[in-house]
Amino acid sequence: MSIDGSNPYNYDLLLQPDAIRILLLEPATTQEADLHATISIACLGENPLYEAISYTWGEPVFPEALHLSVENPNLDLHIHSKIQITENLASALRQFRRKNENRVLWADAVCINQLDNEEKASQVTLMKRIYKQAAQVLIWLGDNTPEMDSAFQFTEGLAARAKDEFDVKPRSYVIHLVPHKLECDRGHIEELLASTKSSHIHHIYGRPWFSRLWIVQEVALATKAVLCSGKLELDWMTFETAMTLLRESLDTVAGSSILEAVAFSQVWSIIEVKGDYRALNSGHVTYGSVYAQLGIFMQRLRQQDCKDDRDRVYALLGLQTPLFLSLHFKPDYTVTSFEVYTKFAWAHLEAGDVEILLDAGIWWRDISEVNLDQAPIVEYDPNYLPSWAPDLRKPKTPRWLCYRGDNDRFYASTEFLPKIKLSSQNIQTVAIWSAVVGQIRTQVYLEKNFMTQLINFQYIRNSIKMIQDQVEQVLEANKGGYITETLDDALARTLIADGAATTLKPSDVPNLWLLYSKHCLSSDGGVLQKYLQQAAFPPSAQFYSSLNPEEQEAWDFHTYLTRSLFGNTFFITVDGRIGLAPPGSQPGDEIVLIDGCRTPFLMRRLEGTLSVQFQRPYYSIVGPCYLHGVMYGEMCTDEQIEDRWGFTPII
């Protein structure tokens, strides 16, 4: 007996913990034929054979139909129904459909009941196994174009050159903790970059697929992945090899650029996460704490898109390594995104992992959303995100702190294990063992449009000279003081945050500062004079080549300074210390050491509040900071602050 109709598909329950649905896509001889398939249930423990599709959902519009057949042998029924799907998924299924035989596929929109939050949560926990066990992951970039045809050919040629001419291996198989430069003739690299600009390769990495957050784990976990555009196919490792060559070429030739630079940076973030996941999972690299490794992934992927902000956490759970598996955090689509972030941070703090505080604080949030007067000290508010929990939403403007780098260079207060008190009555409040070591007196603010000024050498130069003048004036009364080196050395090390997020060592900085002062800050400096004479803004690669070796070192130091100062304000404390503070900081903010943390933190007292339990006012975290003379544990055992230690309530 057969029942034919247009009834929506009725999903059967997945009764086994490792059960998934797989799609048996029926063949068709023409591209335009309707899509027909059968859905069956399989258990991952039985190693079913299937290919997983990775694609973009796009807008929630479902104009296409996938016709499904369901057999019920007990009732001798053959029921026909359908699922409405997006145009992009329909295009992918038509392209992957074979002419003469069935094809077994997995696609989340069809194989997961999107109307069942409980099922969605349980299936998200299986994503790691789903993509890892797939025979291959089919990455659907969309329909083919002449430009994509050309781009695929160019990418294959670029990957061949990477292997034959430059001895470059794909990033996933090489561990580089710092930018890697090519060791070959500079002209050879410039020729390669020029040919890349005239190619259509940006039509590949400019496709929307690369901007999605979910796809990161899908490709990182894949045993084999293939980029698909229409009938064209390109092996992922071939693509990654070509991208690695481009990245290393850009790192080698100062002042070089590439078409669709933002899109390329997103691609490179995906490749880096894939490589780091592979290294972490194999045990070749460790970042120390649970959050240290996941936090790096989250930082690199902040610009990726996802429709549901709760997925900022859930989409990365598949990248758990053996160390992270101890956290036990499960998806829950019945709570708000702020509740997800709060519970996620709570789970880390409960495990004694204070690394998560490095990404917390109001510095990351849009100022219009920060209202500390509304902090729910007494009653729980599901729509309030406490300052100690990272805001993982995509920022409206790029944010970055050089001293929040991926390294463990600093150890301001890591001598002791963290002490944290959590309250089950209000999980939005925590108390952390800490001590106040300073307070901001004055700040030097850079222009709000500093990001657009990064290419302006004169702007950076003038900003640094202004900082120099203010430091000399304010610190005149603190001669000697806590600074054990020359004021110039202390200032240089502070401005560049002791070389954090660079390849520099603190001992390298003083000599480089002398070169920078001579060639950049001085009115007759060689770099300054050549900069004023050149016609191109920003400076071209030819400008860098015109500098002598000493001037090139000075220019390199200038680029380090721009990276360091971006997103920061320079400050001087009440007692004459100097440092770098994140956005959103202000005079009066207190500098605090937290046991177990690599950097000090800026905190802001909530006036008029008092914790009865700890007899201290409540505070909000502004963000991590750099305080010169404190970053290497100099003050964590200082007798002068011994009586300042105690539990600070934070909301």
Side-chain angles (χ1 to χ4, degrees), residues 401-403 410 412 437-448 450 453-454 456-502 504 506-523 525 528 554 557-591 599-600 602 622-632 634-635:
L401 298 179
C402 58
Y403 40 83
F410 302 128
V437 297
Q439 186 177 39
I440 293 181
R441 174 185 174 183
T442 59
Q443 287 181 283
V444 177
Y445 295 95
L446 298 173
E447 294 291 336
K448 290 183 179 179
F450 180 71
Q453 297 283 1
L454 285 177
N456 192 325
F457 170 77
Q458 280 280 55
Y459 177 82
I460 306 300
R461 175 180 176 272
N462 293 340
S463 297
I464 291 174
K465 289 181 71 67
M466 178 179 63
I467 290 173
Q468 270 187 312
D469 293 341
Q470 291 211 15
V471 169
E472 290 173 359
Q473 293 173 22
V474 174
L475 298 186
E476 183 64 30
N478 298 72
K479 290 182 178 178
Y482 79 95
I483 297 179
T484 57
E485 69 246 88
T486 67
L487 182 57
D488 270 354
D489 287 354
L491 178 60
R493 290 178 60 188
T494 299
L495 289 174
I496 204 166
D498 242 356
T502 74
L504 298 178
S507 57
D508 297 331
V509 176
N511 287 334
L512 290 171
W513 177 259
L514 290 176
L515 292 178
Y516 179 74
S517 299
K518 174 183 176 181
H519 295 291
C520 299
L521 294 182
S522 173
S523 59
L528 175 61
F557 190 72
H558 162 73
T559 61
Y560 289 143
L561 282 171
T562 61
R563 282 177 54 80
S564 176
L565 292 175
F566 170 60
N568 287 277
T569 60
F570 180 87
F571 69 82
I572 304 172
T573 66
V574 171
D575 61 349
R577 297 178 182 273
I578 56 178
L580 295 177
S585 57
Q586 62 188 33
D589 286 343
E590 298 175 20
I591 303 164
T599 71
L602 283 180
V622 178
C625 66
Y626 176 93
L627 183 64
H628 193 64
V630 173
M631 306 303 291
Y632 301 100
E634 296 94 331
M635 289 192 72

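For clarity, every value in this text was computed on a predicted model and none was experimentally measured.
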[X] and [Y]: which non-hydrogen atoms are nearest, and at how many Å?
| X | Y | result |
| --- | --- | --- |
| Val622 | Pro583 | CG1-O, 4.4 Å |
| Pro600 | Leu627 | CG-CB, 4.3 Å |
| Ile440 | Ala581 | CD1-CB, 4.4 Å |
| Thr599 | Pro624 | OG1-CB, 3.4 Å |
| Asp589 | Gly584 | OD2-O, 4.4 Å |
| Ala554 | His519 | CB-CB, 3.9 Å |

Spacing of [atom1] belonging to [X] relative to [atom2] belonging to [Y], to within rounding of 0.5 Å:
| X | Y | atom1 | atom2 | value |
| --- | --- | --- | --- | --- |
| His628 | Leu491 | NE2 | CG | 9.5 Å |
| Arg577 | Gln439 | CZ | CD | 14.0 Å |
| Leu561 | Leu495 | CG | CG | 6.0 Å |
| Leu565 | Ile464 | CG | CD1 | 5.5 Å |
| Ile467 | Asn462 | CD1 | CG | 11.5 Å |
| Asp489 | Thr486 | CG | OG1 | 3.0 Å |

Do the side-chain N and O atoms of [X] and [Y] include a donor-acceptor pair separated by under 3.5 angstrom?
| X | Y | value |
| --- | --- | --- |
| Ser585 | Gln443 | yes |
| Tyr560 | His558 | no |
| Asp575 | Thr573 | yes |
| Tyr632 | Asp498 | yes |

For the residue pair [X] and [Y], establish whether any side-chain heavy-atom pair is separated by less than 4.5 Å.
| X | Y | value |
| --- | --- | --- |
| Val444 | Phe571 | no |
| Tyr516 | Leu521 | yes |
| Leu580 | Phe570 | yes |
| Leu504 | Phe557 | yes |

For Gln468, side chain to side chain donor-acceptor pair (under 3.5 Å) partners two or more places apart
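Checked Gln468 against side chain to side chain donor-acceptor pair (under 3.5 Å); zero matches.
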
So, does Arg461 use its side chain to make a donor-acceptor pair with the main chain of Cys520 at under 3.5 Å?
yes

